[in-house]
Amino acid sequence: MEAFVVLLPLFGAMFAMPVGRAFGYRASELLTTGFMLLAAIGAWLVFFDVGLGGGEDRTIPLFTWIGSGAFQAQWAMRIDTLSAVMLVVVNSVSFLVHWYSMGYMKDYGEQPRFFAYLSLFTFAMLTLVTADNFLQLFFGWEGVGLASYLLIGFWFKKKSANDAAIKAFVVNRVGDFGFALGIMCIFYVFGSIDFDTVFGAIAANSEAVPFGQAAGAPIQELTINFLDNDWHALTVIGVLLFIGAMGKSAQFFLHTWLPDAMEGPTPVSALIHAATMVTAGVFLVCRCSVIYEYAPDAAAMVTLVGAVTAFFAATVGLLQDDIKKIVAYSTCSQLGYMFFAAGVGAYDAAMFHLFTHAFFKALLFLGSGAVIIGMHHEQDIKKMGGVRALMPFTHILMVIGTIAITGIGIPGLVLFGAPIGTAGFVSKDMIIEGAFLAGEAGRAFGYFAFTLGLLAAVMTAFYSWRLIFLTFWGPSRAPEAVRKHPHAVPDTMMAPLVPLAIGALAAGVAFYGNFVGDKSESFWNGALYEKAEQHEAPVADHPQADGHGAVDTHAAETSDDSAEGEEEAAEDHGGGHHVPVWVLWSPFFAMVLGTGAAALHYLRGDPLRPGLLRPGGMIYGFLKNKWYFDEIYDFLLVKPAFAFGRFLWKEGDGKTIDGVGPDGIAALVAAGARRIVKIQSGYLYHYAFAMLVGIAVFVTFMLIMAGGGQ
């Protein structure tokens with residue numbers, strides 16, 4: 001069954017266009033969507049078996065892929081809790097996106113090609129998450145890059161779509177180059193690229209002898225020489241792998257492709273942002289958790305980049321007006337949360353947020369697509385307003401997605417062993433609190449990530465509610481024709497949003513215990529590595545907490561008298577870790593602050609009036625232009641590359657190679673021909689004179705030769 005969970009989307013991609021040509025576009029839609037439904041059902045069955053049912057982790061070998069001397073790569077399916085979670089996320093969201101696309105694409109045409117690309121995208125991601133070695137993972141990694149290029153540039157007759165597709169492809173190649181070097185370094189150090197071999201050697205601190213070296217050292221202390229310097233081997237590997245994750249998951253410095261990817265159809269945006277491509281980097285870091293646990297400098301880099309990305313993307317989202325780009329920057333910010341959670345060692349919290357994020361991010365993107373269709377393809381929220389009256393059901397669904405991403409819940413309140421709140425509240429708060437605990441434990445950039453995470457939470461609430469208030473509330477700013485005759489949104493577009501809304505509300509509560517609660521150890525079953533000493537951390541002298549910060553009053557009453565007046569509650573994160581009350585409540589107050597600021601500005605008076613950041617100001621321009629990253633890269637990289645290419649073209653290829661080579665020889669022959677042809681004047685006396693001169697020269701030559709002979 002596991003093989004079909006991965007292969008059914010491939011079958012859909014293979015047959016979509018032939019079936020479409022033979023039986024019409026509707027047949028290709030039904031075929032691919034039906035295959036995705038079966039794959040989604042199979043994914044949930046695998047998840048309940050491996051993750052919830054206590055089933056055995058397993059590796060299913062399929063065939064030998066590459067064998068060249070010491071280098072061996074099998075093609076196999078690795079089924080453990082980590083891959084099962086990703087199977088559920090990818091297949092479930094992809095099925096709903098396929099279903100949604102049946103309504104969204106009906107007026108655009110070329111459905112067989114579009115659905116083939118969607119299924120190919122899904123298959124590539126499934127290959128990635130079920131890989132059993134780094135090379136197989138890299139195959140899926142490059143596959144999602146190819147599929148994203150095809151889907152972002154789906155409307156290839158638009159220059160902007162082609163430019164966005166090329167930009168995504170090129171920026172990802174930068175990260176992929178680092179990833180490829182990381183895989184090479186892994187083989188150099190371990191002599192293998194299999195996960196079990198590599199991870200087992202690191203956990204056991206086995207002796208590793210790098211390829212071609214006579215002696216080695218225990219892997220956790222091993223150094224490798226590069227550029228006349230000795231570098232910690234695991235740190236080098238961790239950094240190179242993370243560079244690949246930075247490109248694929250649009251982290252700071254390699255993020256510029258993500259907003260431009262909105263040029264593709266909206267279902268593509270939902271699939272990229274909620275389930276595939278951008279989640280691949282988070283999955284990679286969590287899959288390689290054992291590497292980062294023994295490479296603290298690489299983990300610190302993950303924490304730093306993730307925290308900065310969360311903050312950066314949130315600041316840019318404040319002033320975006322395109323409804324899809326607002327949601328796109330929120331994805332970039334939320335991915336930052338996931339990365340800094342992984343960087344501080346909270347891999348379970350990172351995966352939990354990835355899981356819950358899939359529901360509300362797909363809901364927000366698909367809901368935005370419904371708004372765009374209803375508003376006759378208008379995407380500027382400043383030209384909307386009053387859409388609540390035109391699309392009440394869409395408004396409700398978008399509000400659900402918004403309260404999920406901003407984190408509505410009650411800190412400290414636990415019911416049936418789980419905190420009470422939306423999916424984003426449960427998972428994002430775990431990340432912020434985990435960063436604080438990492439700071440307490442002395443991990444690099446823990447407090448830094450905690451601070452930027454809180455600031456990003458304030459801004460997330462502001463720009464998320466700004467989208468709702470400007471789009472759905474207040475007076476309509478749409479043209480009269482749109483207000484009187486909104487475009488009908490098909491039921492096939494609205495129906496898939498309902499299960500996503502349910503997940504956005506309840507997924508955090510439903511799966512808290514398994515992902516990060518008291519059942520997490522048996523749930524993950526070793527799929528996420530955790531050092532043994534992390535389970536032996538001393539318990540802080542605070543009242544004990546039950547679940548997500550709920551205070552055990554009995555423990556508090558029996559504690560020392562000195563603790564009676566303390567204003568600190570505790571949250572047990574496993575291993576006896578506790579957080580103070582102010583940390584527990586800080587994400588909630590951050591959400592209230594951002595929401596209140598948005599309400600004060602956009603629900604009173606003219607919602608488009610200038611705010612604290614006024615047009616024309618330096619900060620406004622800085623944020624509106626996305627920290628000028630595109631302009632900086634254009635100045636530092638694009639223009640010099642064009643100038644260098646133009647120099648090679650004109651001077652190198654044109655003047656040197658062609659000028660000296662074929663063009664030069666051809667020009668020399670042509671010049672000689674032009675001079676010789678002048679002899680052919682057409683006058684008889686010219687020819688007679690030439691003949692006389694020739695005879696005279698001949699006679700003179702013969703006389704000289706005859707005289708010389710005597």
Side-chain angles (χ1 to χ4, degrees), residues 306-321 323 325-338 340 353 356-357 360-361 363-364 367-368 381-382 398-411 421-433 435-436 449-474 504-505 508 582-605 607-614 619-620 622-624 626-627:
V308 172
T309 303
F311 175 79
F312 152 76
T315 63
V316 176
L318 294 174
L319 297 177
Q320 295 298 305
D321 297 326
I323 188 171
K325 286 191 176 182
I326 296 172
V327 185
Y329 275 107
S330 78
T331 298
C332 192
S333 183
Q334 297 301 310
L335 288 166
Y337 278 104
M338 299 176 206
F340 79 66
H353 196 52
T356 60
H357 175 264
F360 56 76
K361 188 49 55 70
L363 176 62
L364 288 170
S368 298
I381 60 175
K382 289 186 175 180
M398 288 291 285
V399 168
I400 290 174
T402 300
I403 65 174
I405 193 173
T406 56
I408 301 292
I410 306 175
T422 59
F425 165 78
V426 178
S427 58
K428 186 169 69 176
D429 283 18
M430 288 293 299
I431 289 175
I432 294 175
E433 294 156 11
F436 176 83
F450 170 74
T451 303
L452 291 194
L454 284 180
L455 294 175
V458 175
M459 292 182 283
T460 299
F462 183 88
Y463 67 66
S464 297
W465 285 108
R466 173 178 177 265
L467 184 154
I468 295 296
F469 295 151
L470 286 180
T471 303
F472 293 96
W473 295 32
L505 290 174
W582 69 269
V583 173
L584 185 65
W585 281 84
S586 56
F588 175 81
F589 286 118
M591 176 273 298
V592 171
L593 178 60
T595 302
L600 285 174
H601 183 79
Y602 295 104
L603 296 183
R604 298 193 311 164
L608 300 183
R609 70 186 186 278
L612 293 176
L613 303 177
R614 296 174 178 271
I619 297 178
Y620 181 92
F622 182 69
L623 299 182
K624 190 71 173 177
K626 301 161 289 187
W627 291 28

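Residue numbers count from 1 along this sequence.
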* Count the heavy atoms belonging to other residues, nucleotides or ligands that lie under 6.0 Å from CZ of Arg604, then report whether that count exceeds 12. =>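 Not buried by this count: 12 neighbours or fewer within 6.0 Å.
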
Looking at every heavy atom in both [X] and [Y], which two are closest together, and how far apart are they?
{"X": "Phe340", "Y": "Ala449", "result": "CD1-CB, 3.6 Å"}
{"X": "Pro607", "Y": "His601", "result": "O-NE2, 3.8 Å"}
{"X": "Ala504", "Y": "Ile400", "result": "CB-CG2, 4.3 Å"}
{"X": "Trp465", "Y": "Ile403", "result": "CZ2-CG2, 3.7 Å"}
{"X": "Arg466", "Y": "Gly317", "result": "NH1-O, 4.4 Å"}
{"X": "Lys382", "Y": "Asp321", "result": "CE-OD1, 3.3 Å"}

With rounding to the nearest 0.5 Å, note down the distance linking [atom1] in [X] to [atom2] in [Y].
{"X": "Phe450", "Y": "Leu455", "atom1": "CZ", "atom2": "CG", "value": "10.0 Å"}
{"X": "Lys361", "Y": "Thr331", "atom1": "NZ", "atom2": "OG1", "value": "3.0 Å"}
{"X": "Lys626", "Y": "Leu319", "atom1": "NZ", "atom2": "CG", "value": "12.0 Å"}
{"X": "Gln334", "Y": "Tyr329", "atom1": "CD", "atom2": "OH", "value": "15.5 Å"}
{"X": "Thr595", "Y": "Ile468", "atom1": "OG1", "atom2": "CD1", "value": "11.0 Å"}
{"X": "Ser368", "Y": "Lys325", "atom1": "OG", "atom2": "NZ", "value": "14.0 Å"}

* Between Thr356 and Lys428, is any side-chain donor less than 3.5 angstrom from a side-chain acceptor? ->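 Distance-only check fails for Thr356 and Lys428.
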
* Among residues two or more places apart or on two chains, list those pairs meeting side-chain hydrogen bond (donor to acceptor under 3.5 Å, both in side chains) that have a residue in residues 450-464. =>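 Listed by first then second residue: nothing to list.
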
Could you check whether any side-chain heavy atom of [X] comes within less than 4.5 Å of a side-chain heavy atom of [Y], counting everything from C-beta outward?
{"X": "Met591", "Y": "Ile405", "result": "no"}
{"X": "Leu470", "Y": "Leu608", "result": "yes"}
{"X": "Phe425", "Y": "Pro587", "result": "no"}
{"X": "Val327", "Y": "Leu467", "result": "yes"}

Under 3.5 Å, side chain of [X] to main-chain N/O of [Y], donor-acceptor pair present?
{"X": "Thr471", "Y": "Ile381", "result": "no"}
{"X": "Ser333", "Y": "Ser330", "result": "no"}
{"X": "Thr315", "Y": "Phe312", "result": "yes"}

* To do: Kindly indicate, with the supporting measurements, whether the criterion side chain to side chain contact (heavy atoms under 4.5 Å, CB included) is fulfilled by Ser586 and Glu433.
  => CA-CA 9 Å; Ser586 56; Glu433 294 156 11; over 6 Å; no

* Asked: Relative to the ring of His357, is the ring of Phe360 parallel (under 30°), tilted (30 to 60°) or perpendicular (over 60°)?
  ->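 Aromatic pair Phe360/His357 classed perpendicular.
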
* To do: Could you label the plane-to-plane angle of the Trp582 and Phe436 rings as parallel, tilted or perpendicular, counting under 30° as parallel and over 60° as perpendicular?
  =>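 Aromatic pair Trp582/Phe436 classed perpendicular.
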
